[in-house]
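A quick write-up on the structure given underneath.
Sequential numbering from 1 along the given sequence is applied to the chain's residues. It should be emphasised that the depicted structure is a prediction, and the values quoted were computed from it without experimental measurement.
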Amino acid sequence: MDDLFASQPIAGATLVRSDIERLIGRTPRTLIDCDVEEADLSGLDLTRWRFERCNLRRSDLAGAKLKGAVWQGCRGPFVNFSGANVSEAEFLGGDWNNCSMRRARLTSTRFTGSKLTEVDFTEVRAMHIHFEEVLLVSAKLPGFSFRKETLRRVDLSGADVRKGDFRMTVFEDCSLREALVAGSRFEGSDLRGADLGGLRLVDAGPFRVATISREQAGQLLGELGLNVR
C-alpha cells in the first residue's frame, strides 16, 4: 500500500525540508506545480525525482544527490547546486539564472531550452554534457570542456570561457560575442556557425587550425587592429 501511494505525484503543494524528507523512500517522487522556494534541501537524496513546473527560487540543494533527476519547465533562479551530484539529470526548459553549480558533478547532464544566464559553473566535474537551445549569457565557465560536442543554438555572449577546451567542437547557430576566451583551445573546431563579434584578442592563436568563414576571419583580424580590404 505504501508503494502505491509513493507512485502518486504531489501536485500544487508548498513544501519545506521536513515535507520532502517524509516523501523520500525507495521510489523516486514526482512534484508538479509545487512551491519549494527558499527550501533547505541540502544533502538530501533525490535521485531520479521529477520536478514539473515547480518554483525552486533560492532553494538550497548543495551536496544533494540528484543523479537522473528531471526538471521540466521549472523556475529556479539563484538555486544553490554547489557540490551536488547532478549527473545524468535533464533540465528541460525553465529559468535557472544566477544559479551556482560550483564543484557540481555534471556527467552526461542535459540542458535543453533553458535559461542559464550568469550561472556559475566554476570547478564543475563534467563529461559528455549536452547544451541545446540555451542561454549561457555572462555565465562563468572557466576551464570548461566542450571537447567534441555539438553546440546547437547556444548563446555564450559575454561568458567567461577562459582556458576552455573547444577542440573539435561544432557550433551551430551559436554566439561567442564578447566572450572571454583567453587561453581557450579551438583546434579542429568548426566555428562557422558562431557569432565571433567583439572578442577581445591579443592574437589569433586560439583559432589556429579551427574552421572559420571569410567574414569571421575579417572580424578576428579587425579585433587585432588590422584592416582587411
Side-chain angles (χ1 to χ4, degrees), residues 1-136 139-141 144:
M1 184 64 70
D2 289 342
D3 288 342
L4 175 63
F5 284 113
S7 66
Q8 300 299 312
I10 306 298
T14 298
L15 304 169
V16 297
R17 183 184 181 92
S18 58
D19 300 319
I20 298 292
E21 287 177 327
R22 284 193 290 270
L23 292 171
I24 294 174
R26 291 178 298 177
T27 305
R29 304 305 299 262
T30 296
L31 305 184
I32 301 174
D33 296 317
C34 288
D35 188 345
V36 200
E37 183 170 352
E38 298 186 355
D40 177 9
L41 308 180
S42 59
L44 295 183
D45 187 349
L46 306 178
T47 300
R48 305 201 182 283
W49 277 44
R50 185 177 185 93
F51 300 81
E52 299 182 12
R53 303 184 303 278
C54 292
N55 174 23
L56 294 117
R57 182 181 179 86
R58 295 189 184 278
S59 60
D60 186 1
L61 287 155
K65 297 178 182 178
L66 303 166
K67 184 176 181 179
V70 176
W71 316 80
Q72 183 172 1
C74 293
R75 302 183 307 281
F78 299 96
V79 171
N80 182 16
F81 288 102
S82 298
N85 184 355
V86 199
S87 295
E88 300 176 20
E90 291 187 78
F91 291 78
L92 307 172
D95 182 355
W96 301 94
N97 76 79
N98 288 282
C99 281
S100 175
M101 292 272 184
R102 294 179 65 92
R103 300 180 304 280
R105 185 176 302 169
L106 298 173
T107 301
S108 299
T109 305
R110 300 178 65 86
F111 294 91
T112 306
S114 302
K115 182 179 180 182
L116 303 168
T117 302
E118 297 190 48
V119 171
D120 188 351
F121 288 96
T122 304
E123 297 181 348
V124 298
R125 290 170 286 176
M127 291 180 61
H128 309 300
I129 193 168
H130 178 81
F131 290 109
E132 183 170 354
E133 288 192 44
V134 297
L135 294 177
L136 282 162
K140 297 177 182 177
L141 296 140
F144 202 92

Quiz item: Within a strict 4.5 Å, meaning less than it, do heavy atoms of the Arg17 and Ser42 side chains meet?
Solution: yes

Quiz item: Would you say Pro77 and Asn98 make side-chain contact, with heavy atoms under 4.5 Å?
Solution: no

Quiz item: Is there side-chain contact between Arg29 and Ile20, with at least one heavy-atom pair below 4.5 Å?
Solution: no

Quiz item: Any side-chain heavy-atom pair from Phe91 and Cys74 closer than 4.5 angstrom?
Solution: no

Quiz item: How long is the gap from CG on Asp60 to CG on Asn80, to the nearest 0.5 Å?
Solution: 4.5 Å

Quiz item: Rounded to the nearest 0.5 Å, how far apart are OG1 of Thr27 and CH2 of Trp49?
Solution: 11.0 Å

Exercise. For Cys34 and Ile10, work out which heavy atoms get closest and say how close.
Key: SG-O, 3.4 Å

Self-check item: Main-chain N/O of Glu132 paired with Arg110 side-chain donor or acceptor, under 3.5 Å
Solution: no

Quiz prompt | Side-chain heavy-atom pair Arg125, Thr107 within 4.5 angstrom cut-off | solution = no

Quiz item: Checking side chain to side chain contact (heavy atoms under 4.5 Å, CB included) for the pair Gln72/Glu90: CA distance, chi angles, key distance, verdict?
Solution: CA-CA 8 Å; Gln72 183 172 1; Glu90 291 187 78; over 6 Å; no

Self-check item: Arg57 side-chain N/O to Val36 backbone N/O, donor-acceptor pair under 3.5 Å
Solution: no

Quiz item: Between Gly76 and Cys99, which heavy-atom pair has the shortest distance, and what is it?
Solution: O-SG, 3.0 Å

Quiz item: Would you say the side-chain atoms of Thr109 pair up with the backbone N or O of Val86, donor to acceptor, closer than 3.5 Å?
Solution: yes

Quiz item: How far apart are the closest heavy atoms of Val124 and Phe121, and which atoms are they?
Solution: CG1-O, 3.1 Å

Quiz item: Distance from Met101 atom CE to Arg103 atom CZ, nearest 0.5 Å?
Solution: 13.0 Å

Self-check item: Distance (rounded to the nearest 0.5 Å) between Asp19 CG and Thr14 OG1
Solution: 9.0 Å

Practice problem: Please name the pair of heavy atoms, one in Gly113 and one in Val134, separated by the smallest distance, quoted to 0.1 Å. | Solution: N-CG1, 4.0 Å

Practice problem: Working to the nearest 0.5 Å, report the span between CZ of Arg102 and CG of Asp120. | Solution: 5.0 Å

Quiz item: Ignoring hydrogens and geometry, is there a side-chain-to-backbone donor-acceptor pair from Ser114 to Gly93 under 3.5 Å?
Solution: yes

Quiz item: Any ion pair linking Glu37 and Arg75 (charged N to carboxylate O, less than 4.0 Å)?
Solution: no

Quiz prompt | OG on Ser100 to NZ on Lys140, rounded to 0.5 Å | solution = 9.0 Å

Practice problem: Let me know which of Leu31, Leu23, Leu61 forms a side chain to side chain contact (heavy atoms under 4.5 Å, CB included) with Leu46. | Solution: Leu61

Quiz item: Is any side-chain heavy atom of Glu118 less than 4.5 Å from a side-chain heavy atom of Asn97?
Solution: no

Quiz prompt | Under 3.5 Å: donor-acceptor pair, side chain of Thr30, backbone of Pro9 | solution = no

Quiz item: More than 12 non-hydrogen atoms from neighbouring residues, nucleotides or ligands closer than 6.0 Å to NE2 on His128, yes or no?
Solution: no

Quiz item: Would you call Phe111 and Leu136 a side-chain contact if the rule is heavy atoms closer than 4.5 Å?
Solution: no

Quiz item: What about the rings of Trp71 and Phe81, do their centers lie closer together than 6.0 Å?
Solution: yes

